[in-house]
Amino acid sequence: MTETATRRRLGARELLETMLDAGSYLSWDAPVRGVAGDGTRNTGYAADLAAARGKSGSDESVLTGEGRIGNHRVAIVVSDFAFLAGSIGRDAAQRLVSAVERATGLGLPLVAMPASGGTRMQEGTPAFLGMVEIVAAVQAHRTAGLPYLVYLRHPTTGGVMASWGSLGHVTAAEPGALLGFLGPRVYEALHGEAFPSGVQTAENLFDHGLVDAVVPPEGLGDYFGRVLDLLEPGHVVAGGALPSTSSATAGAAGQTAWESVLRSRDPLRPSSAELLRHAAGSVVLLRGAGDGTKDHGMLVALARFGATSCVLVGHQRNNAMGPGSLRDARRGMRLAKELRLPLVTVIDTPGASLSREAEEGGLAAEIARSLYDLLGVGTATLSVLLGQGTGGGALALLPADRTIAAQHAWLAPLPPEGASAIVHRTTSQAPALAESQGITASVLAGRGIVDVVVEEVPDAAAAPVEFCHRVGEVIAVELLGLARRGAPGLQARRSKYRALIG
């Protein structure tokens, strides 16, 4: 038997009791207006509503209110599937919109927990069009810089999945939940065959980057509590000197560019994931751009360095970086912009994927869009050259208010072997060309592209944990400095690159 069949599903009130701090729930629900008495059609609808009220103990398919998760005050909208399969009619839509607008007015994060078959068929097209107003209310909430967190429960399909169920800044799903646009029963009725198994499941959606985590109900309070901890506005301490972040340009004396290239390729050198593991105080990993691709060359996370929370986007060095990876990165940029968090980008890539799939997927266009979005992020930005910085894949994450680099990190339009093949028609001149191109952290610092160089003494591959700690400390100091100064804006962000072209 499947987990969907064997796992007992919690009702709406049980879920609230499980997730929220004890005794913290306060209902916002006013009596519904009632839609069954218009007498125009479907005279059995009034009886359906009465039966639903008796079965569920609710007056509509949506409950709304507020409570606390880990002592964070939040607004809540939750489906009661026992009421006409959680379907959304006029009254349910009105209740949803009112709750979202109230949450926006109060400045509260909003947690949505749908479990629904979609639009209520008894109310026809007007109920279907109510989804537009629900999405508009969610849009206004997100535009106000307020978190919108979603927990997809079993089952969530139809118009609910295609509206407020798919708009979360962070989205978790119930294990084994049936999640999809067209319900399997409808598909079978329309097509005369069963829908393919294993597709519309929480786990498959996680694998395709459509949900960030699969979380059992009993773990939901902890999961959303950690997210809310990271999204809580920081308190910047005014005045006082910042801790020092020394530049290590002198430490690179006598070392060639080619030596840095070789060191950056050491398989024991720590990655973006290891930097998060060893240097961040708290981390919630996110999954994909929500576009269904399986291109996992980019890491996206909420993280805290020192006292400052941020959105971090970083190359997964051992994964090919295709257009889907850059869409993941752009999701991180949007999160930083909407949630008003600083953005940290971590660069460590041998280059973008070279393949037919990457070309047909719009790799070049995604690099351009990433640059466009990164330059336009309205919050503070910090880029970190951690290792290899090859080509457009590196460039897509580079422009920032401040840039730090590991001592043996480097940045070049192509790997030195590729540049040598272009200039000399052989790869044998790669070491000399790397030197002449000025790709190393120390040279980049001398040209004003890199602001701080982090020493590798010993080499990062020889002492990865200590190296990650040093980089993390510099990130924390830089984020604190940016928080005090505020985001400098597009023109200031462009100034260092404008200077390079005279």
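Note that the coordinates shown come from a computational prediction; the quantities given were computed from them, not determined experimentally. Heads up: numbering here begins at 1 and tracks the sequence.
Closest heavy-atom contact between Gly86 and Ser116: O-OG, 2.7 Å. Here the closest heavy-atom approach between residue Ala127 and residue Ile88 is recorded as CB-O, 3.7 Å.
Residues Thr104 and His141 bring a donor and an acceptor atom of their side chains to less than 3.5 Å of each other.
Here the rule is side chain to side chain contact (heavy atoms under 4.5 Å, CB included) with Val313, and of Leu343, Val344, Leu335, Leu374 only Leu343 fits it. Residue Ser98 is tested with Arg95, Gln94, Arg102 for a side chain to side chain contact (heavy atoms under 4.5 Å, CB included); the sole match is Gln94.
No cation-pi contact links Arg53 to Phe83, judged by a cut-off of 6.0 Å to the six-membered ring centre and 45° from its axis.
Within the model, atoms OG of Ser58 and CG of Leu63 stand 4.5 Å from one another, a figure rounded to the nearest 0.5 Å. Taking CZ of Arg153 as the reference point, atom CZ of Arg9 lies at 10.0 Å (rounded to 0.5 Å).
Between Arg13 and Asp80 a salt bridge is recorded (basic side-chain N to carboxylate O distance below 4.0 Å).
A 6.0 Å sphere centred on CZ of Phe195 holds more than 12 heavy atoms belonging to other residues, nucleotides or ligands.
For the pair Leu146/Pro109, no side-chain contact is recorded, criterion being any heavy-atom separation below 4.5 Å from C-beta on.
Applying the salt bridge (Lys or Arg N to Asp or Glu O under 4.0 Å) rule to pairs touching residues 341-363 yields Arg317-Asp348, Arg356-Glu360, sequence neighbours excluded.
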